[in-house]
Amino acid sequence: MSIFRLGLIGAGRMGQVHLRAAARSPHVEIVAIAEPSAAARAALKASGLALYAGAEAMIDAGGLDGVLIATPSSTHVAAVATVAARGLSILCEKPCGISAVQAREAAAIAEKAGIHLQIGYWRRFVPELEALRDRIQAGQLGDLYLVSCFQWDETPPSTAFRSSGGGAFIDMGVHEFDQLRWLTGQELAHYRVATSRTAFADAVAADPDAVQLLCDLSNGATGLVSLGRRFAPGDACWVEVFGTAGFAESRFFWPPAGEGVFLSALRAQLEDFAGAVLGRASQAATASDAIAALVAAEAATDAMWQLQTRERATP
Ligand SMILES: NC(=O)c1ccc[n+]([C@@H]2O[C@H](COP(=O)([O-])OP(=O)(O)OC[C@H]3O[C@@H](n4cnc5c(N)ncnc54)[C@H](O)[C@@H]3O)[C@@H](O)[C@H]2O)c1
């Protein structure tokens with residue numbers, strides 16, 4: 001297979017991680033970057049990659065097989081439109097917009113342009129989680145009572161990011177909503193939220209330091225999504241599954257091993273994307289999956305606002 005040549009739009013925090021992941025792949029190469037920040041472009045000069053201030057110029061220069069979008073979530077739809085108009089397939093970072101309306105818009109743009117659009121829910125490429133999914137779907141844990149998905153960061157991002165990223169459920173929770181659906185094959189409904197009142201001064205209303213969500217899964221189980229912004233052991237994600245025939249726990253992203261798991265999954269995701277563009281089967285999240293995750297995140301956010309309104313009314 002010849003090397004798949006990828007253009008990257010947005011070389012910030014996540015774009016840089018994708019560059020490191022792609023460097024591990026013999027099949028996919030990031031050959032060009034579109035990044036509006038002159039300082040970020042200057043820092044990338046030594047990489048030898050073709051650098052552009054805008055996506056249009058990068059794509060119009062030619063030679064790309066597909067495009068990876070890693071711009072801020074609020075710009076995803078515009079970036080999808082720019083790339084789709086030029087006929088290239090897209091791997092877009094999660095969540096694919098900051099609302100279900102935006103994700104639907106991106107899906108419609110891709111469909112109309114006849115291009116492949118997949119969304120970067122990297123958990124689907126973690127071997128430990130793939131094995132857990134196989135066990136659940138083969139019935140080895142029996143009927144499920146509870147599936148708990150935890151995502152706790154060591155320290156929060158900047159207050160500016162926390163105020164603009166759409167809130168805890170849109171920025172972080174979407175990973176867990178996609179993971180719950182993907183692991184169990186069940187749909188989510190009926191969201192109940194509790195936020196901890198233990199908070200540092202820089203917590204923002206939309207992004208509390210710790211928020212817990214319960215929901216119903218369509219086959220009768222309960223889903224728990226636990227999000228936290230301060231976790232002393234380091235950045236961590238884990239899953240616990242309680243069934244009538246057994247219990248399983250996967251600390252699939254746990255310090256200090258998280259970085260390696262992340263890079264391997266991102267590399268597998270890039271290779272899956274390249275394969276999908278070439279017509280092979282893909283296990284990635286589709287635009288419909290992105291819409292479902294954002295629908296859940298919006299319902300969870302509504303439940304959180306209702307809770308905060310009640311708490312303000314009855315201090
Ligand atoms: N999958 C994950 O686990 C994960 C983790 C972190 C972030 N993300 C996602 O990655 C995306 C980027 O997040 P980040 O933390 O890297 O943000 P960031 O702000 O660090 O980086 C975004 C970069 O995009 C550039 N940019 C902004 N508008 C642009 C445009 N129109 N064209 C090209 N470049 C543009 C900015 O200059 C910046 O360098 C978000 O959608 C976020 O949700 C995913």
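Both ligands and their constituent atoms are indexed starting at 1 by order of listing. Residue numbers start at 1 and run along the sequence shown. When reading the values below, keep in mind they use all heavy atoms of this one structure, side chains included, and skip hydrogens, waters and symmetry mates.
- Judged purely by distance below 3.5 Å, without hydrogens or angles, the side chains of W152 and S226 pair a donor atom with an acceptor atom.
- Heavy-atom minimum distance, I98 versus E298: O-OE2, 4.4 Å.
- Near I9, meaning under 4.0 Å from one of its heavy atoms, ligand 1 places the atoms 32 (N), 33 (C).
- Listed by number with element, the atoms of ligand 1 under 4.0 Å from a non-hydrogen atom of W122 are 1 (N), 2 (C), 3 (O).
- Considering backbone and side-chain atoms alike, D171 places every N or O at 3.5 Å or more from each N or O of ligand 1.
- The aromatic ring centres of W238 and F231 sit less than 6.0 Å apart.
- For atom 16 (O) of ligand 1, the protein comes within 4.0 Å by at least one heavy atom.
- Within the 3.5 Å criterion, the main-chain N or O of A11 finds a donor-acceptor partner in the side chain of Q16.
- Nearest to atom 21 (O) of ligand 1 among the protein's heavy atoms is G12 CA, 3.2 Å.
- The shortest distance between side-chain heavy atoms of R162 and D209 falls below 4.5 Å.
- Within a 4.0 Å radius of atom 39 (O) of ligand 1, the protein contributes one or more non-hydrogen atoms.
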Check step by step if side-chain hydrogen bond (donor to acceptor under 3.5 Å, both in side chains) holds for D143 and T244. CA-CA 5 Å; D143 294 333; T244 53; 4.7 Å; no
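- Geometrically, ligand 1 and E93 share a nitrogen or oxygen pair separated by less than 3.5 Å.
- Of all the heavy atoms of A79, none lies under 4.0 Å from any atom of ligand 1, so neither backbone nor side chain is involved.
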Begin with the C-alpha distance, continue with both residues' side-chain angles, and end with the deciding distance and a verdict on ring pair (Phe, Tyr, Trp, His ring centres under 6.0 Å) for Y121 and H175. CA-CA 7 Å; Y121 283 108; H175 278 293; 5.7 Å; yes
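- Of all the heavy atoms in S99 and L294, the pair that sits closest is O-CD1, 3.4 Å.
- Listed by number with element, the atoms of ligand 1 under 4.0 Å from a non-hydrogen atom of T71 are 11 (C), 12 (C), 24 (O), 29 (C), 30 (C), 32 (N), 33 (C), 34 (N), 35 (C), 40 (C), 41 (O).
- The option from R123, R13, Q151 that lies nearest to atom 20 (O) of ligand 1, judged by heavy atoms, is R13.
- The side chain of F262, and not its backbone, has at least one atom closer than 4.0 Å to an atom of ligand 1 (non-hydrogen atoms only; side chain from C-beta on).
- At a heavy-atom cutoff of 4.0 Å, ligand 1 is contacted by no atom of A40, backbone or side chain.
- Within the listing of ligand 1, atoms 33 (C), 34 (N) sit less than 4.0 angstrom from a heavy atom of A34.
- R124 and Q283 share no donor-acceptor pair across their side chains, judged by distance under 3.5 Å alone.
- Cation-pi contact between R123 and F253: absent, since separation from the ring centre below 6.0 Å together with deviation from the ring axis within 45° is not met.
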L266 vs S264, test: side-chain contact (heavy atoms from CB on, under 4.5 Å). Steps then yes/no. CA-CA 5 Å; L266 292 176; S264 296; over 6 Å; no
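- The distance criterion of under 3.5 Å between nitrogen or oxygen atoms is not met by S37 with respect to ligand 1.
- In this structure, the protein non-hydrogen atom closest to atom 28 (N) of ligand 1 is P72 CD, 3.9 Å.
- Considering H76, H18, M14 only, the shortest heavy-atom separation from atom 8 (N) of ligand 1 involves M14.
- Given atom 37 (O) of ligand 1, the protein heavy atom at minimum distance is E35 OE2, 2.6 Å.
- In summary, R229 and E154 do not engage in a salt bridge, as defined by a charged side-chain N under 4.0 Å from a carboxylate O.
- Here K94 has heavy atoms under 4.0 Å from ligand 1 in both its backbone and its side chain.
- What sits closest to atom 34 (N) of ligand 1 on the protein, heavy atoms only, is P36 CD, 2.9 Å.
- Ligand 1 places these atoms under 4.0 Å from at least one heavy atom of H175: 1 (N), 2 (C), 3 (O).
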